[in-house]
Amino acid sequence: MLDLKLIRTNPDQVRAGLAKRGAAGLIDEVLRLDQERREKLTNVETLKNKRNVVSKEVGRLKAAKVEATNLINEMKAVNEEIRELDGVVRELDEQIDAILFALPNLPQADVPVGTDDQTNLEIRHWGKPRSFPFEPKPHWELGEELDLFDFDRGAKISGARFTVLKGLGARLERALVNFMLDLHVNEHGYTEIFPPFLVNEDCMVGTGQLPKFEEDMFKVAPGDYYLIPTAEVPVTNLHREEILEAENLPKKYVAYTACFRAEAGSAGRDTRGLIRQHQFNKVELVKLTKPEDSYQEHESLVQDAEKVLQLLNLPYRVVLLSSGDMGFSASKCYDLEVWLPSFGVYREISSCSNFEDFQARRGNLRFRPEPDAKPEFVHTLNGSGLAIGRTVAALVENHQQADGSITIPEVLVPYMGGITVIK
RNA sequence: GGAGAGAUGGCCGAGUGGACGAAGGCGCACGCCUGGAGAGCGUGUAGACGUUACCGCGUCUCCUGGGUUCAAAUCCCAGUCUCUCCGCCA
């Protein structure tokens with residue numbers, strides 16, 4: 001959520017930022033509502049002050065056994081007015097919030113301006129796509145031949161976009177989860193979190209999934225719970241409504257969770273294989289930082305995620321997303337895109353975003369810069385480290401051999417119980 | 001699922017209709033004291049919003065939301081969460 005005071009004091013800056021994302025409108029509406037709200041608020045607070053003063057006077061008079069009926073009747077009338085004005089203010093609040101909750105974050109100055117991925121900027125790349133002396137197969141073919149994935153039975157027991165992992169396929173999934181968690185905990189200094197996979201509505205609003213993207217979420221029937229679309233939601237919200245001490249920042253968390261996405265609007269896209277599932281596993285990195293540190297922490301978070309791909313020997317590139325391609329809550333976002341031989345393209349495998357104070361304001365995540373100083377909003381960041389299903393797909397495709405077998409990267413062998421080749 | 005108890009500031013804890021944004025203690029910050037530390041003494045110590053050149057002033061918040069009342073931490077209703085006992089259960 002954008003800062004209402006920033007909109008009030010610097011509307012042109014906000015308009016310009018939103019324009020880069022094709023979301024310019026409604027600032028004038030916010031300003032008008034805000035103006036009206038503050039007028040009504042002043043009115044009603046004046047009346048409440050009067051009520052408070054007179055009520056104390058009534059108390060004094062009664063204690064002195066003096067008649068106070070006139071004052072009491074007068075306050076009854078004032079109360080009517082207060083009730084009415086309170087309603088007006090509340091309605092204005094709701095209208096303002098409805099707009100603010102629907103406005104995306106402002107892009108940072110160095111974010112390329114564009115309407116879609118055409119203006120994304122490749123920052124660097126690592127590794128070289130292998131040249132195969134044979135026609136590389138897609139991961140779903142390799143996986144079915146090696147009995148790693150069972151797409152048909154996934155569809156049978158659940159539906160489209162659900163897959164059963166089997167044997168060494170299941171083992172590979174588990175190995176990758178453990179490998180990534182160990183790397184980030186032991187080498188990169190993150191604290192491991194295992195959160196609930198169901199969260200309440202406040203969390204979904206806090207990180208920006210709600211109210212705008214309800215149709216992308218799975219909502220669970222008894223109780224008002226949502227299945228998490230990413231560990232970002234429970235982990236970022238761990239400290240919602242809290243005031244953290246500056247000395248405890250940055251908070252660096254890593255969490256494995258299953259993720260659940262309705263994929264509304266993706267019908268027909270990536271229907272084969274593991275690329276786009278309703279349920280997938282992910283190891284997620286989350287940071288809460290001081291505002292002045294978030295830009296540097298963003299860079300190091302990207303590098304922490306890149307390290308996974310490097311150790312797995314998977315070629316990738318780092319892309320800086322354009323203003324039109326970024327997620328709703330992000331102020332700046334790098335995607336890591338891994339090379340998929342069967343597609344002949346780089347595909348997103350990690351999205352690393354700095355949200356600045358956008359989520360923190362929604363979830364009221366604050367810190368105290370100095371003892372006795374006023375609390376400020378933290379900056380929140382997160383990135384996949386990595387999406388497991390897509391890593392499996394990339395690993396299987398990139399490390400396939402002419403005979404249809406898959407070589408296991410060295411770092412993963414211990415996690416695979418010593419297995420070096422899947423055949 | 002049944003029965004009961006509870007939720008107050010960073011923490012502990014008092015407070016059952018009016019001088020309570022809230023005693024007291026702990027913690028923390030600053031000052032005095034000390035060669036230094038400790039002890040002791042003193043002062044200060046919630047957040048949001050509005051208003052304001054500044055000092056400040058005002059409103060709201062004692063789990064949340066309603067209600068009663070001139071006036072609610074305190075009374076009433078609904079909900080959330082925590083704890084204890086019983087049942088069931090991975």
Side-chain angles (χ1 to χ4, degrees), chain A residues 1-9 30-101 194-206 219-220 222-226 234 237-249 251 258 288 357-378:
Chain A
M1 166 152 63
L2 299 179
D3 184 2
L4 181 56
K5 284 179 186 161
L6 177 69
I7 296 175
R8 193 187 293 155
T9 56
V30 170
L31 290 171
R32 187 182 66 74
L33 292 167
D34 175 52
Q35 175 72 30
E36 193 181 344
R37 172 183 171 274
R38 284 181 296 149
E39 277 167 24
K40 301 292 184 198
L41 194 60
T42 305
N43 292 346
V44 73
E45 286 186 355
T46 305
L47 290 174
K48 285 178 177 174
N49 177 240
K50 183 174 181 185
R51 178 176 67 186
N52 289 343
V53 170
V54 171
S55 290
K56 278 188 179 151
E57 179 63 16
V58 169
R60 262 192 296 274
L61 294 175
K62 288 212 164 181
K65 306 259 193 252
V66 177
E67 180 60 41
T69 314
N70 285 344
L71 282 180
I72 289 173
N73 287 334
E74 194 188 332
M75 282 311 101
K76 283 186 181 176
V78 169
N79 272 336
E80 273 311 303
E81 261 187 277
I82 289 175
R83 196 184 298 266
E84 212 172 287
L85 273 171
D86 266 343
V88 172
V89 170
R90 181 191 303 198
E91 209 167 287
L92 288 165
D93 273 334
E94 284 169 3
Q95 290 176 33
I96 291 168
D97 279 350
I99 296 173
L100 289 184
F101 275 126
F194 194 97
F197 293 1
L198 292 173
V199 296
N200 58 37
E201 185 180 337
D202 287 342
C203 289
M204 298 292 272
V205 172
K219 192 168 186 182
V220 170
D224 287 319
Y225 296 116
Y226 290 85
N237 278 287
L238 281 178
H239 297 291
R240 63 178 295 107
E241 310 285 345
E242 290 183 23
I243 300 174
L244 302 166
E245 294 304 323
E247 64 196 40
N248 294 330
L249 297 178
K251 295 269 187 197
L288 309 181
D357 63 6
F358 187 86
Q359 293 180 327
R361 180 170 287 108
R362 288 174 162 241
N364 206 16
L365 282 96
R366 293 176 293 172
F367 79 106
R368 206 178 292 282
E370 303 284 340
D372 298 326
K374 275 186 83 68
E376 290 178 27
F377 292 113
V378 300

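Chain A is the first sequence line, chain B the second, and so forth, proteins listed ahead of strands; every chain is numbered from 1. Scope of the values below: all heavy atoms of this structure, side chains included, with no hydrogens, waters or symmetry mates.
- Using a 4.0 Å heavy-atom cutoff across all strands shown, A:Lys5 reaches sugar-phosphate atoms only and no base atom.
- Checking B:C60, B:G18, B:A46 against the side-chain heavy atoms of A:Arg368 singles out B:A46 as nearest.
- A distance of about 9 Å separates the P atoms of B:C60 and B:A72, rounded to the whole Å.
- Atom CG in A:Leu47 sits roughly 12 Å away from atom C1' in B:U59 (whole-Å rounding).
- OP1 or OP2 of B:C70 has not a single side-chain nitrogen or oxygen of A:Asn70 nearer than 4.0 Å.
- Distance, A:Arg51 CZ to B:G58 C1': 14 Å, rounded to whole Å.
- Checking B:A48, B:C70, B:U51 against the side-chain heavy atoms of A:Arg38 singles out B:U51 as nearest.
- A salt bridge does not link A:Arg51 with A:Glu81: every distance from a Lys NZ or Arg NE/NH1/NH2 to an Asp or Glu carboxylate oxygen is 4.0 Å or more.
- Judged by Watson-Crick or G-U wobble contacts below 3.5 Å, the nucleotide B:U74 has no partner.
- Ranking B:U68, B:C70, B:G66 by closeness to the A:Arg90 side chain, first place goes to B:G66.
- In this entry B:U34 has no Watson-Crick or G-U wobble partner, no candidate having both defining distances under 3.5 Å.
- Here the nucleotide nearest the side chain of A:Lys374, chosen from B:G67, B:C70, B:A48, is B:A48.
- Residue A:Asn52 is in sugar-phosphate contact alone, with no base atom involved, counting any heavy-atom pair closer than 4.0 Å across all strands shown.
- In this structure, A:Lys48 pairs ionically with A:Asp86, as a charged nitrogen and a carboxylate oxygen lie closer than 4.0 Å.
- For A:Arg366, whose side chain is taken as the heavy atoms from C-beta onward, the closest listed nucleotide among B:G18, B:A48, B:C49 is B:A48.
- A salt bridge links A:Glu57 with A:Arg60; the closest basic N to acidic carboxylate O contact falls under 4.0 Å.
- Just one residue in the list A:Arg32, A:Arg37, A:Glu39 forms a side chain to side chain donor-acceptor pair (under 3.5 Å) with A:Gln35, and that residue is A:Glu39.
- The gap from the C1' atom of B:C88 to that of B:C49 amounts to 49 Å, rounded to the nearest Å.
- Within 4.0 Å of A:Arg8, counting heavy atoms only, lie sugar-phosphate atoms of the nucleic acid but no base atom.
- Distance from the side chain of A:Lys48 is smallest for B:C60 among the nucleotides B:G50, B:A19, B:C60.
- Between A:Thr42 and A:Ala63, the residue anchored closer to the 5' end of RNA chain B is A:Ala63, taking for each the nucleotide with the nearest heavy atom.
- Nucleotides B:C54 and B:G31 have their C1' atoms positioned 26 Å apart, rounded to a whole Å.
- Separating the CG atom of A:Asn200 from the P atom of B:U80 is a distance of 13 Å, rounded to the nearest angstrom.
- Nucleotide B:U82 forms a pair with B:A5, judged by Watson-Crick or G-U wobble geometry with both contacts under 3.5 Å.
- For the P atom pair drawn from B:C12 and B:G17, the interatomic distance equals 26 Å after rounding to whole Å.
- Considering only side-chain atoms of A:Pro375, the nucleotide from B:A71, B:A48, B:C49 that sits closest is B:A48.
- For the P atoms, the distance from B:C11 to B:G2 is 33 Å, rounded to whole Å.
- B:G10 atom C1' lies 9 Å from atom CD1 of A:Ile243, rounded to whole Å.
- Checked for salt-bridge contact, A:Arg90 and A:Glu94 miss the test: no charged N lies under 4.0 Å from a carboxylate O.
- Rounded to whole Å, atom P of B:G47 lies 13 Å from atom CD of A:Glu376.
- Residue-level contact check: A:Val54 touches neither bases nor backbone, having no heavy atom under 4.0 Å from any strand.
- Nearest to the side chain of A:Lys76, among B:C70, B:A48, B:U59, sits B:C70.
- The side chain of A:Asn49 contributes an N or O atom lying less than 4.0 Å from OP1 or OP2 of B:U59.
- When Watson-Crick and G-U wobble pairs are counted only if both distances are under 3.5 Å, B:A19 pairs with no nucleotide at all.
- The base of B:G50 does not come close enough to the side chain of A:Glu45 for any donor and acceptor atom to sit less than 3.5 Å apart.
- For B:U43, the paired base is B:A29 (Watson-Crick or G-U wobble, both distances below 3.5 Å).
- Straight-line distance between the C1' atoms of B:G47 and B:G9: roughly 10 Å, to the nearest whole Å.
- Counting non-hydrogen atoms under 4.0 angstrom, A:Leu41 reaches the backbone sugars and phosphates but no base.
- Taking CZ of A:Arg366 as the start and NE2 of A:His239 as the end, the distance is 14.5 Å to the nearest 0.5 Å.
- In this structure, CD on A:Glu242 lies 9.5 Å from CG on A:Leu288, to the nearest 0.5 angstrom.
- Under the Watson-Crick and G-U wobble criteria, each requiring two contacts below 3.5 Å, nucleotide B:A48 is paired to B:U59.
- When the P atom of B:C63 is taken as reference, atom CG of A:Asp202 falls 18 Å away, rounded to whole Å.
- Going from the P atom of B:U8 to that of B:A73 covers 16 Å, rounded to whole Å.
- Between the CD atom of A:Glu241 and the C1' atom of B:U80 there is a distance of 14 Å, given to the nearest Å.
- Across the P atoms, B:G21 and B:C57 are found 15 Å apart, a figure rounded to whole Å.
- The nearest whole Å value for the distance from the CG atom in A:Asp34 to the C1' atom in B:U51 is 14 Å.
- A:Lys62 has its side chain within reach of A:Ile72: a pair of non-hydrogen atoms, C-beta onward, lies under 4.5 Å apart.
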